[in-house]
Amino acid sequence: MTKKKDIEELFNDIIIDISENSKSLISSLSGRMSASTFYGLLKDEVKAKLYACACEDRADKMADEILSIADNGKTDDNVIVQRDRLRIDSRKWLLAKLHPKKYGDKLDVAHTGNITLHFDSEDAHA
């Protein structure tokens with residue numbers, strides 16, 4: 001097997017880790033490939049799109065995790081409740097920062113219509 005093929009297989013394994021297993025890039029790379037090698041591979045437009053799609057998949061799964069954590073009412077133990085709150089808040093923050101258009105709190109208040117101004121000639125001289 002050639003080294004190029006090994007790198008291609010590793011890249012695909014890392015994409016699967018991110019997309020299907022919701023792993024972070026750092027944990028997916030650990031011991032398999034350097035970050036600089038991975039980012040160098042992203043110069044290829046196809047690979048960059050695969051990575052972007054994997055990150056979107058991970059974000060959607062993370063949003064689903066928020067619901068699962070919030071709906072888990074097995075215990076009223078204060079430590080567990082606080083830990084769950086931290087887990088939810090961490091995921092919300094990360095989603096809002098990495099995917100602000102989809103998961104951010106920003107409201108789009110841009111005006112897209114027309115504005116018509118009417119001046120009375122008497123008001124102009126006052």
Side-chain angles (χ1 to χ4, degrees):
M1 198 179 302
T2 66
K3 184 172 174 116
K4 182 173 177 155
K5 189 169 183 181
D6 289 342
I7 289 176
E8 294 293 321
E9 287 179 10
L10 278 174
F11 178 84
N12 291 331
D13 289 345
I14 291 165
I15 294 301
I16 289 169
D17 268 354
I18 293 167
S19 178
E20 295 180 11
N21 302 324
S22 300
K23 284 190 171 184
S24 70
L25 178 60
I26 291 183
S27 66
S28 296
L29 291 175
S30 182
R32 299 197 287 182
M33 181 185 295
S34 71
S36 61
T37 300
F38 182 83
Y39 288 123
L41 293 171
L42 295 182
K43 292 177 183 174
D44 178 335
E45 189 175 321
V46 173
K47 286 180 175 57
K49 286 182 181 180
L50 285 172
Y51 177 61
C53 287
C55 291
E56 284 287 330
D57 290 345
R58 181 180 56 204
D60 291 340
K61 287 178 183 170
M62 198 178 297
D64 286 342
E65 285 176 357
I66 289 172
L67 294 175
S68 295
I69 294 166
D71 290 342
N72 183 9
K74 292 181 182 176
T75 182
D76 289 333
D77 182 346
N78 190 43
V79 173
I80 294 172
V81 170
Q82 292 301 321
R83 177 69 183 159
D84 286 349
R85 179 175 290 135
L86 176 63
R87 292 174 67 207
I88 289 170
D89 288 347
S90 298
R91 284 163 174 77
K92 284 177 17 182
W93 180 85
L94 190 60
L95 287 172
K97 296 298 178 191
L98 295 178
H99 305 282
K101 288 183 181 178
K102 189 170 186 179
Y103 297 108
D105 293 333
K106 182 180 177 196
L107 299 175
D108 187 9
V109 293
H111 178 71
T112 57
N114 295 326
I115 297 176
T116 305
L117 300 174
H118 297 280
F119 292 99
D120 215 0
S121 60
E122 291 177 15
D123 290 340
H125 297 293

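Remember, predicted model here, so these are calculated numbers, not experimental data.
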**Q** Let's go through Met33 and Ile7 carefully: what are the C-alpha distance in whole Å and the side-chain angles of both, what is the deciding distance for side-chain contact (heavy atoms from CB on, under 4.5 Å) to 0.1 Å, and is it a yes or a no?
**A** CA-CA 8 Å; Met33 181 185 295; Ile7 289 176; 4.2 Å; yes
**Q** Hey, could you give me each pair passing ring pair (Phe, Tyr, Trp, His ring centres under 6.0 Å) that has a residue in residues 72-98? Not counting sequence neighbours.
**A** none
**Q** Could you go through the side-chain contact (heavy atoms from CB on, under 4.5 Å) check for Leu10 and Thr37 one step at a time?
**A** CA-CA 11 Å; Leu10 278 174; Thr37 300; over 6 Å; no
**Q** Applying side chain to side chain donor-acceptor pair (under 3.5 Å), can you list everything that pairs with Ser28, at least two apart in sequence or on another chain?
**A** none
**Q** Membership question, hydrophobic clusters at under 4.5 Å side-chain separation (ILVMFWY): are Leu86 and Ile66 in the same one?
**A** no
**Q** Check side chain to side chain donor-acceptor pair (under 3.5 Å) between Arg91 and all other residues, then give those that pass, not counting sequence neighbours.
**A** Glu65
**Q** Is there a path of hydrophobic side-chain contacts, each under 4.5 Å between heavy atoms of I/L/V/M/F/W/Y residues, joining Leu98 to Ile88?
**A** yes
**Q** Under 4.5 Å side-chain heavy-atom separation, chaining through any Ile, Leu, Val, Met, Phe, Trp or Tyr, what else clusters with Ile26? Say none if it is isolated.
**A** none
**Q** Group every Ile, Leu, Val, Met, Phe, Trp and Tyr by side-chain heavy-atom contacts under 4.5 Å, then state whether Leu29 and Leu50 land in the same group.
**A** yes
**Q** If you round to the nearest 0.5 Å, how far is CZ of Arg32 from CG of Asp6?
**A** 13.0 Å
**Q** Work out which heavy atom in Ala63 is nearest to a heavy atom in Tyr103; give both atom names and the distance.
**A** CB-CE2, 3.8 Å
**Q** On a heavy-atom basis, which atom in Arg58 and which in Leu25 lie closest, and how many Å separate them?
**A** NH1-N, 3.8 Å
**Q** Sequence neighbours left out, what passes side chain to side chain donor-acceptor pair (under 3.5 Å) with Ser90? Give chain and number order.
**A** none
**Q** Has Asn21 got a side-chain atom pairing as donor or acceptor with Lys23's backbone, closer than 3.5 angstrom?
**A** no
**Q** Which heavy atom of Ser19 sits nearest to which heavy atom of Lys61, and what is that distance?
**A** O-NZ, 2.7 Å
**Q** Hey, is NZ on Lys49 packed in by over 12 heavy atoms from elsewhere, all under 6.0 Å?
**A** no
**Q** Can you tell me how far CD of Glu56 sits from CG of Asp60, rounded to the nearest 0.5 angstrom?
**A** 6.5 Å
**Q** Give, for atom CG of Asp64 and atom CD1 of Ile69, the distance between the pair rounded to the nearest 0.5 Å.
**A** 11.0 Å
**Q** With rounding to the nearest 0.5 Å, note down the distance linking OG in Ser24 to CD1 in Ile18.
**A** 8.0 Å
**Q** Take atom CD of Glu45 as the centre, draw a 6.0 Å sphere, and report whether it contains more than 12 heavy atoms from other residues, nucleotides or ligands.
**A** no
**Q** Can any side-chain N or O of Asn12 pair as donor or acceptor with the backbone N or O of Glu8 at less than 3.5 Å?
**A** yes
**Q** Hey, could you give me the OG/CD1 distance between Ser27 and Ile14, rounded to the nearest 0.5 Å?
**A** 10.0 Å
**Q** Please round to the nearest 0.5 Å and tell me the distance separating atom CG of Leu41 and atom NZ of Lys47.
**A** 6.0 Å
**Q** Taking side chain to side chain donor-acceptor pair (under 3.5 Å) as the test, write out the residues that go with Arg83, two or more places apart.
**A** none
**Q** Classify the ring geometry between Phe11 and Phe38 as parallel (under 30°), tilted (30 to 60°) or perpendicular (over 60°).
**A** parallel
